[in-house]
Enquirer: 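Below is a structure I'd like to ask you about.
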Amino acid sequence: MLFTTYEFMGFMAVLFLAYYLVPKKCQWPLLLAASYLFYFCAGADYLIYIMVTTLTVYFAARMMEKNADKQAAYLKEHKAELSKEEKKAYKETQKRVRLRWLISCLLLNLGVLAVVKYTNFFISNVNGILNSLGSGKQISFLTLALPMGISFYTFQAVGYLIDVYRGTVPAEKNPFRFALFVAFFPQLIQGPISRFGDLSKTLYEKHRFEAKTLCLGLQRVLWGYFKKMVVADRILAGVRTIVGDVGAYEGAYVLVGMLFYTVELYADFTGGIDITIGIAQALGIRVEENFNLPYFSKSLKEYWRRWHISMCSWFRDYIFYPVSISRPMQRFTKFSKKRFGEKVGRRLPMYLSSFTVWLATGVWHGASWNFIVWGLGNWAILMASEELEPLYEKFHDRFGARGRLYGLFQMFRTFLLVCCLNLFDCYSSLGDTFRAFGSVFTAGNWNVLWDGSLMELGLTMLDYWILAGGTVLMLCVSLLHRTGSVREKIGRRVYPLRFAIWYGLFLAVLLMGAYGIGYDASQFIYNQF
Amino acid sequence: MKQNGKARALIKFAVSAAVALGGLFLLQRLLVPKYVDGIVEGAFIAEYYGEKKDFDVIFVGDCEVYENFSPIVLWQEYGINSYIRGSAEQYIWQSYYVLEDTLRYETPKAAIFNIQSLQFDKSQNEAYNRMTLEGMRWSPSKVNAILASMKPEEQFLDYVFPILRYHSRWSELTASDIRYMFDTKRVSHNGYYMRVDVRPAENVPTGRILGDYSFGENAWKYLDMMRELCEEKGVKLILIKAPSLYPYWYPEWEEQVEEYAQKYGLPYINFLELTEETGIDYSTDTYDAGLHMNLSGAEKLARYMGRFLREEIGLLDRRGETELQEIWKSKIEAYEAEREAQYVKYGMKEENGQ
């Protein structure tokens, strides 16, 4: 049941109605039932995975909290009898118990994720090695279904578990409430990866019907559908044509494909998140933003603070920081300071932690070398930028390159960099990616940009006009958004104008959306992660 | 004050909803295909509802009925009041539900079904589904026809709100879409699609060898349902095979139909075997090299069918009925006018009638 199906729209209509009609104390149980129904529709077999994650994480979190409570009670009771050392030793012992719960649960859940997502990738690499050694033996691939949104809900649950371990959030006592946190359906498909501390503030609250809240939520949903159905699904045909045949579409076509894919990815992912946040808002629930005008970033570092915010902050909080302060890393810091001097020695551990994060980010995005190289490519550019920062500063001071125009140049440069990195996401193998990228400099077929060849990519002139209009509209909305919520700005206009704007947007989706017979609309790109 | 505010909000909501729904209705009317020029087959099924429903005979089937029999000749020469409820590649389950739909309005004495569509066990083409189903008025028959016809990629909701299916047609709208937004023009003659041009049948290909010549279970099921429906309503079911040379009609298929007709005592006429009796000449009576009859062929088949209906089924001559005379008078005029226009169009006659 994808967001763009009639079934989902019907499901939503019934849910909204029921949600505001049932007694308020039944609202969150209703959401839980709806979330499980939604997940059941994606595949009954998948339910077992999400239930295992829910139960194990719930249980481990409760055990950790019980242990922490026991520790507090014991220390309180024996406050006078125990020496400082004894208290410390006791705390260490109890912490180890909690750590065992944490690690066991992490291993189980990340293990399940690794098995369903990466087993065949592992097998294909082993087969490649066997081949290169001249062995005729090959390991058969396994038929493993990838449960919908497993990367998202596993990370969300694991984040909660670590938070409980750290004592940042209390463990949820009601298993059903926790089940809703893991399975809350709008964010199951493609995130964002919410934190328990944020989502739980409104998820279990009693919500009174407010027409304004509902309208604002539905307006955001509509804007999401516009991005997804009018732009992303329409441009998809062009992307598929170009990346589907590396030999035929090289050189200038690769640049066109790169640009198309970047537009598609933006419209698809931000559109999907708009739908998610809009649905939640209409239900009175606040889901954190996942994007903050990413293409206005002036550097790759800034881009990663504005794009897929929930994933980036997850990796920062649950991988980067723990790795950075881990004992092996502290030992490595000491070693590198001694070996390479204070300046370099201080940086090396940070680069190593960052390498771990980007490797994990690449692996999380997909079971393929393309994603791993994509992750490491990001890491290499970020580290190079960090190293070259003093040089940039000198350059900026020397040439006074700090004005608005230079800012635009920086944005364009970052956009181009992101487009190039996205190539790894477009093509199915590293060989194809490098061949396609290399052909940009060697094919010399620039004439295809104006000789009508672009009309043979599965897109008509009308498609190009619609895409151009849609992209310009997205840009205008982003520009307006810099000074505050666009929906609220529209909301301050007179009613007929407001009505005309939203009805016009609805008609644009209805008439220009790429859906139904004759269109091969895709599922959301991030749905596959 | 509070009540005034509420009333104002209610009025605002009602006006907005009316504007929004009205706009959608107009858009839907604009975007749905009108089938008044070019491909007109999609208009046939709906035209029936404008008729006085008192027919002696109803033909159901695909192009092998709506292009091969002239109801005008049946009236003019035998006084038989007939109508063809057929559409392009109308599948057997659609023919069944179209007949069921017809029997909601009237009970003809005979129903004639062309068995060509027995070869299909499931729908082949969404566009053909649309041509038949969109023309039907909403009823349980239409709902069941849609459910029986939908291909996996189709959605029921697209039939309820056709704007969802035709949402992107705005780029190909013509003047006809505006002209016929709320109105339509007749494109058939009691369901008959007229063509007067001639393209002789030459080098008709024989059928390719099939792995299995048995008709599918689904096709048989609907033929059984059609037979039972006719029995229940007291309508004489007549099976026919029109004399179309292509698609190829296999002897193995013929055997199965003959066996079925014999088993249930149904009259079965295979016109492919009656070229002498009907007088069909494939060098002059077809407009597309043997696939369908032209006007000359359709009139010859209607004459044979008229004799059969009068002699074997016992249908009476109703030319004496004043009301029917009036109805048919205008139909004959339209028929003759189109015939003349087509003679000119296809260069078979000068514009001045020479």
Enquirer: Is the backbone of A:Ala514 close enough, under 3.5 Å, to the side chain of B:His167 for a donor and an acceptor to pair up by distance?
Expert: no
Enquirer: Could you please state which residues from residues 13-28 of chain B sit under 4.5 angstrom from chain A, measuring non-hydrogen atom to non-hydrogen atom, sorted by number, or 'none'?
Expert: B:Ser16, B:Val19, B:Ala20, B:Gly23, B:Leu24, B:Leu27
Enquirer: For A:Leu462, is it the side chain, the backbone, both, or neither that has a heavy atom closer than 4.5 Å to a heavy atom of chain B?
Expert: side chain
Enquirer: For atom CH2 of B:Trp170, is the number of surrounding heavy atoms from other residues, nucleotides or ligands below 6.0 Å larger than 12?
Expert: yes
Enquirer: Around atom CZ of A:Arg493, are there more than 12 heavy atoms from other residues, nucleotides or ligands closer than 6.0 Å?
Expert: no
Enquirer: At a heavy-atom separation under 4.5 Å, does B:Lys151 approach chain A through its side chain, its backbone, both, or neither?
Expert: neither
Enquirer: A quick test of your reading: do over 12 heavy atoms of other residues, nucleotides or ligands sit less than 6.0 Å from OH of B:Tyr128?
Expert: no
Enquirer: Can you confirm whether A:Lys206 is buried at NZ, in the sense that more than 12 heavy atoms of other residues, nucleotides or ligands lie under 6.0 Å from that atom?
Expert: no
Enquirer: In terms of heavy-atom contacts, does CD of B:Glu217 have more than 12 from other residues, nucleotides or ligands at under 6.0 Å?
Expert: no
Enquirer: Report the distance from atom CD1 of A:Ile466 to atom OG of B:Ser171, rounding to the nearest 0.5 Å.
Expert: 7.5 Å
Enquirer: Let me confirm one number: the CG-CD1 distance from A:Leu507 to B:Ile163, rounded to the nearest 0.5 Å.
Expert: 7.5 Å
Enquirer: Are there more than 12 heavy atoms of other residues, nucleotides or ligands under 6.0 Å from atom OH of A:Tyr20?
Expert: yes
Enquirer: Look at atom CZ of B:Phe120 and say whether more than 12 heavy atoms of other residues, nucleotides or ligands are closer to it than 6.0 Å.
Expert: yes
Enquirer: Inspect the surroundings of OH in B:Tyr248 and state if more than 12 heavy atoms from other residues, nucleotides or ligands are less than 6.0 Å away.
Expert: yes
Enquirer: Closest heavy-atom contact between A:Tyr6 and B:Asp158?
Expert: OH-OD1, 2.6 Å
Enquirer: Check each atom of B:Gln155 against the heavy atoms of chain A and say whether the ones under 4.5 Å are side chain, backbone, both or neither.
Expert: side chain
